[in-house]
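Working notes, beginning with the structure itself.
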Amino acid sequence: MTSTNFADLFSLTGKVALVTGGARGLGRMIATGLLRAGAKVYITSRDEGDVRAAADELNRLGICQALPGNAGSPEGIAELAAQFRQAGEEALNILINNAGRTWGAPFETFPDKAWAGVLAVNVQGPFRMIQELLPELEAAAKAGDPSRVINIGSVAGSAVNDLQAYSYSASKAAIHHLGGQLASELSSRNITVNTVAPGYFPTDMTAHLQDKRAGLTNKIPMSRIGNAADIQGAVIYLSSAAGAYLTGIVLPVDGGIAGTR
């Protein structure tokens, strides 16, 4: 049995984290929170200029390093893992599978090409990241202080909506279920797998909805969209000593949408 000082309950000092899609949007918010909690953070993005610029800015908060590459293909994931190892890292305490893709179109014209790419990034990508970095996750894992995998799902995978993003909603429902499956698989290795299901946050992916802010907030029981502190608090909780006894859960961070319907 381990004991933790109350002051350290949410500290991530000494931990190493990797956030896919960490240069913008929710990933940038999450990386910022992890840094402020004391972790060393690696962020990925397909846009090399974007991820290096983001890492330079985030370095004001702590140690942040850029890993340019594609977290949505098996080859790209293998390359990202190779870069992580080349940086001298042998252990990974926290893996945040945040990189995502969406596609919206009316039902009648929703195209076949909207499926494979979305599922590859949103479902296969997280699975392959965990597979590829399993040695590093196991190297960091301890009884009482497990390594943490946090998949970023969505309220769209928990509650029916009118977004007409059919492959996206299906992919997020899939990652919610896959999280429980992997939690069962990896619990004996002292690795937890949990899912955070955000609602509406100010990101590029929801920009088209924010133009109709009043109509959007009417859909949210708490009458506001999420902010950086909302998603940071959830991820820090699951990554820290406070969340060490949780695995296989889907944590909604959506202002009450999933829980009240």
Side-chain angles (χ1 to χ4, degrees), residues 16-31 34 41-46 51 67 69-84 92-103 115-138 140-141 146-158 165 167-187 189 191-198 201 203 205 231 234-235 238-239 243 246-253:
V16 176
L18 191 158
V19 183
T20 67
R24 293 186 179 190
L26 277 181
R28 175 73 170 259
M29 296 177 202
I30 291 167
L34 294 173
V41 179
Y42 289 80
I43 58 174
T44 82
S45 173
R46 289 179 297 174
V51 73
L67 297 179
N70 184 3
S73 76
E75 299 79 13
I77 288 166
E79 173 59 27
L80 288 170
Q83 289 184 59
F84 180 75
L92 178 62
N93 302 96
I94 304 160
L95 171 61
I96 312 291
N97 285 312
N98 165 75
R101 184 175 176 182
T102 190
W103 193 302
W115 288 92
V118 170
L119 291 168
V121 175
N122 295 359
V123 184
Q124 184 183 6
F127 183 86
R128 285 293 293 118
M129 285 294 296
I130 298 167
Q131 272 189 327
E132 189 67 40
L133 290 166
L134 185 59
E136 286 73 26
L137 289 165
E138 288 188 303
S147 293
R148 320 298 169 90
V149 174
I150 301 173
N151 297 320
I152 304 302
S154 171
V155 66
S158 303
S167 55
Y168 177 80
S169 296
S171 74
K172 291 305 183 178
I175 198 65
H176 293 184
H177 185 78
L178 181 61
Q181 194 84 37
L182 294 174
S184 176
E185 174 73 28
L186 299 175
S187 60
R189 308 190 199 196
I191 299 171
T192 67
V193 183
N194 292 298
T195 303
V196 172
F201 280 75
T203 67
M205 198 175 285
I231 194 69
V235 170
L238 292 174
S239 300
L246 293 169
T247 196
I249 71 163
V250 177
L251 178 62
V253 186

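Sequential numbering from 1 along the given sequence is applied to the chain's residues.
Side-chain contact check for V196 versus I231: some heavy-atom pair is nearer than 4.5 Å. Between L18 and M129, the closest side-chain pair of non-hydrogen atoms falls below 4.5 Å. Within the 4.5 Å cutoff, no side-chain heavy atoms of L119 are placed close to those of Q124. Annotation: side chain of L238 is not in contact with side chain of T192 (no heavy-atom distance under 4.5 Å). Contact of the I96 side chain with the L34 side chain is registered, since non-hydrogen atoms from C-beta on lie closer than 4.5 Å. Using a 4.5 Å heavy-atom threshold, the side chains of I130 and N97 count as touching. Using a 4.5 Å heavy-atom threshold, the side chains of L178 and N151 count as separate.
A distance of 7.5 Å separates OG1 in T102 from CG in N122, rounded to the nearest 0.5 Å. Separation of atoms CZ (F127) and CD1 (I77) is listed at 11.0 Å; rounding is to 0.5 Å. Note that CZ of R46 and OG of S73 are 9.5 Å apart. Values are rounded to the nearest 0.5 Å. Q131 CD to L182 CG: the interatomic distance, rounded to the nearest 0.5 Å, is 9.0 Å. The structure places CZ of R148 at 9.5 Å from OG1 of T247, a figure rounded to the nearest 0.5 Å.
Although no hydrogens or angles enter the test, the distance criterion places a donor-acceptor pair under 3.5 Å between the side chain of S147 and the main chain of A141. Remark: side-chain polar atoms of R189 are not paired, donor with acceptor, to backbone N or O of E138 under 3.5 angstrom. When atom types are taken as modelled, the side chain of N194 and the backbone of L246 share a donor-acceptor pair closer than 3.5 angstrom. Using a distance-only test at 3.5 Å, with no hydrogens or angles considered, a donor-acceptor pair links the side chain of N93 to the main chain of V16. S154 contributes no side-chain N or O that, together with a main-chain N or O of A197, makes up a donor-acceptor pair within less than 3.5 Å. The backbone N or O of A99 sits less than 3.5 Å from a side-chain atom of T20, completing a donor-acceptor pair.
Nearest approach of L26 to P198, heavy atoms of both residues: CD1-CG, 3.8 Å.
In this structure, Q181 places its CD atom where only 12 or fewer heavy-atom neighbours from other residues, nucleotides or ligands lie under 6.0 Å away.
S158 is linked by a side-chain hydrogen bond (donor to acceptor under 3.5 Å, both in side chains) to H176, counting only residues two or more places apart in sequence or in another chain.
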